[in-house]
Amino acid sequence: MGKATREAYGEALAELVQENQKIVVLDADLAGSTKTSLAKKAVPERFFDMGIAEANMIGHAAGFATSGYTAFASSFAMFCTGRAWEQVRNSVAYPHLNVKICGTHAGISVGEDGVSHQAIEDIALMRVIPEMEVYVPCDAAETKAVIRYISTTKNPTYVRLGRSSVNDVYDEKEVFDFSKPKIIKEGKDAVIFACGAMVQSSLEAAKKLQEEGKEISVVDVCAIKPCSEEEITKILKQFEQVFTAEEHNVIGGLGGLIAEISTKSCPRIIHRIGMQDCFAESGSATALMNKYKLDGDGVYEEVKAVLK
């Protein structure tokens, strides 16, 4: 078992804030959970705890950006995208400011904190904002690469991170190209486009299906926006059976993205695995992922049922 993507985020940010004096870090009273506490420990004079006031945090981050800083603003995904949506839209995206919003504890794997903390709408909320980039890394290596990459850009950006530890998909030497999706397993019978922890679930499902004679391709779509429609179309044209897997509502997230591209350039029926327009409940991450068929067994069952 590897580490949680939020932990990798904290480690990468602590390194970057020491390397670049124009990076500032803001948090909304959750630095221990978001792991921005590591950046605070490294360079306390460029860390700002804004208290339980996410909209205020985004406003201050925008202010830093207008003064030439790269501002990383963090909270739980539910609050930095939902509670502060208007400020993200009007104060960050509209003036195209260099603010990086990093939301941790996304999806239902936040577990026992319950529905109020389980962000299953955040990809959709951020993706719909004009000029806002959206990334959903699946493991520690990809997270660190994403954070380093966005620290070099000037674009308003949202990065979605998880609470729970996840298995490593990549090693630290992996070279990432965020301009296109990454095929991490090749097969001929079907393809699963996945993001975040659902990459691991999809790989587990593909392994089980392989034992039954079915070869499944798994594609890691870390860059939700911007994404390469050309590359996704190339993959779609290879398969009749297409699945998406996300720890998010099937409306407006990765499934929506692939469906939109499909209708434009390569019509396919898209089988969307995710939260089926419903809320979860309080429970352990393991139990919830199992109940809503978002773990390896669940994805296996969903894909197998269609392939039959």
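Source: prediction; values computed, not measured.
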Whether [X] side chain and [Y] backbone form a donor-acceptor pair below 3.5 Å:
X      : Y      : result
Gln276 : Gly274 : yes
Glu54  : Arg83  : no
Gln118 : Gly111 : yes
Thr143 : Ala141 : no
Arg272 : Gly256 : no
Asn249 : Gly252 : no
Ser75  : Ala28  : no

For the atom pair [atom1] ([X]) and [atom2] ([Y]), what is the distance rounded to the nearest 0.5 Å?
X      : Y      : atom1 : atom2 : result
Ile129 : Leu125 : CD1   : CG    : 7.5 Å
Thr244 : Ile192 : OG1   : CD1   : 9.5 Å
Thr34  : Asp27  : OG1   : CG    : 3.5 Å
Glu247 : Ile123 : CD    : CD1   : 9.0 Å
Lys234 : Cys266 : NZ    : SG    : 13.5 Å

Between Ala245 and Leu254, what is the shortest heavy-atom contact and its length?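 Scanning both residues, the minimum pair turns out to be O-CD2, 3.8 Å.
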Got a sec, which residues hit side-chain contact (heavy atoms from CB on, under 4.5 Å) with [X], two or more places apart in sequence or on another chain?
X      : value
Glu112 : Arg163, Ser282, Ser284
Ala61  : Leu26, Ala71, Ala73, Val99
Glu302 : Ile273, Lys293
Ala205 : Val299, Tyr300

Are Glu281 and Lys291 close enough, and set up right, to give a side chain to side chain contact (heavy atoms under 4.5 Å, CB included), and what steps lead you there? CA-CA 10 Å; Glu281 63 268 17; Lys291 176 177 178 178; 2.8 Å; yes
[X] side chain near [Y] side chain, heavy-atom distance below 4.5 Å:
X      : Y      : value
Met275 : Tyr292 : yes
Ile232 : Pro181 : yes
Val92  : Ile58  : yes
Phe64  : Leu97  : no
His117 : Val115 : no
Tyr94  : Val88  : no
Met126 : Trp85  : yes
Thr153 : Lys100 : yes

Distance-only donor-acceptor check, side chains [X] and [Y], under 3.5 Å:
X      : Y      : answer
Ser265 : Thr233 : yes
Ser201 : Asp295 : no
Lys35  : Ser74  : no
Asp113 : His105 : no
Thr70  : Asn98  : yes

Output the rest of the hydrophobic cluster of Val250: all Ile, Leu, Val, Met, Phe, Trp and Tyr residues reachable through side-chain heavy-atom contacts under 4.5 Å, sorted by chain and number.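 Joined to Val250, directly or through intermediates: Ile251.
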Members other than Ile147 in its cluster, when Ile, Leu, Val, Met, Phe, Trp, Tyr link by side-chain heavy atoms under 4.5 Å?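 Grouped by the 4.5 Å side-chain rule, Tyr9, Leu13, Leu16, Val17, Ile23, Val25, Val43, Phe47, Phe72, Tyr135, Val146, Tyr149, Ile150, Val159, Leu161, Val169, Tyr170, Phe176, Phe178, Ile184, Val199, Leu203, Val218 form the rest of the cluster around Ile147.
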Side chain to side chain contact (heavy atoms under 4.5 Å, CB included), that's the test. Do Arg46 and Lys40 meet it? Break it down for me. CA-CA 7 Å; Arg46 277 186 277 121; Lys40 177 182 180 180; over 6 Å; no
Check the pair Asp139, Gln200 against side chain to side chain contact (heavy atoms under 4.5 Å, CB included), reporting the backbone distance first and the verdict last. CA-CA 9 Å; Asp139 72 354; Gln200 286 87 335; 4.0 Å; yes
All side chain to side chain donor-acceptor pair (under 3.5 Å) counterparts of [X], not counting sequence neighbours:
X      : result
Ser179 : Asp177
Lys264 : Glu229
Asp168 : none

Count the heavy atoms of every other residue, nucleotide or ligand shown that sit under 6.0 Å from [atom1] of [X], and state whether that count exceeds 12.
X      : atom1 : value
Lys182 : NZ    : yes
Lys185 : NZ    : yes
Lys207 : NZ    : no
Glu45  : CD    : yes
Glu172 : CD    : no
Arg89  : CZ    : no

Are any of the side-chain nitrogens in Asp297 or Lys208 under 4.0 Å away from the carboxylate oxygens of its partner?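 The answer is yes: the pair qualifies as a salt bridge.
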Do Glu212 and Lys304 sit within salt-bridge range, that is, some charged N less than 4.0 Å from a carboxylate O?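 Salt bridge flag = yes for Lys304 with Glu212.
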Per the salt bridge (Lys or Arg N to Asp or Glu O under 4.0 Å) rule, what does the pair list look like for residues 120-138, sequence neighbours excluded?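 As it turns out, the salt bridge (Lys or Arg N to Asp or Glu O under 4.0 Å) pairs with a partner in residues 120-138, which skip direct neighbours, are Asp122-Arg160, Arg127-Glu260.
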Partners of His60 by ring pair (Phe, Tyr, Trp, His ring centres under 6.0 Å), sequence neighbours excluded?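 So His60 forms no ring pair (Phe, Tyr, Trp, His ring centres under 6.0 Å) with any residue.
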Taking salt bridge (Lys or Arg N to Asp or Glu O under 4.0 Å) as the test, write out the residues that go with Glu186, two or more places apart.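 Per chain and number, Glu186 pairs via salt bridge (Lys or Arg N to Asp or Glu O under 4.0 Å) with no residue.
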Report the C-alpha distance between Asp220 and Glu142 in whole Å, list the side-chain angles of each, state the deciding distance to 0.1 Å, and finish with yes or no for side chain to side chain contact (heavy atoms under 4.5 Å, CB included). CA-CA 10 Å; Asp220 175 14; Glu142 191 168 46; 2.7 Å; yes
Which of these passes side chain to side chain contact (heavy atoms under 4.5 Å, CB included) with Ile235: Val242, Ile261, Ile258, Val191?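 Among Val242, Ile261, Ile258, Val191, the one meeting side chain to side chain contact (heavy atoms under 4.5 Å, CB included) with Ile235 is Val191.
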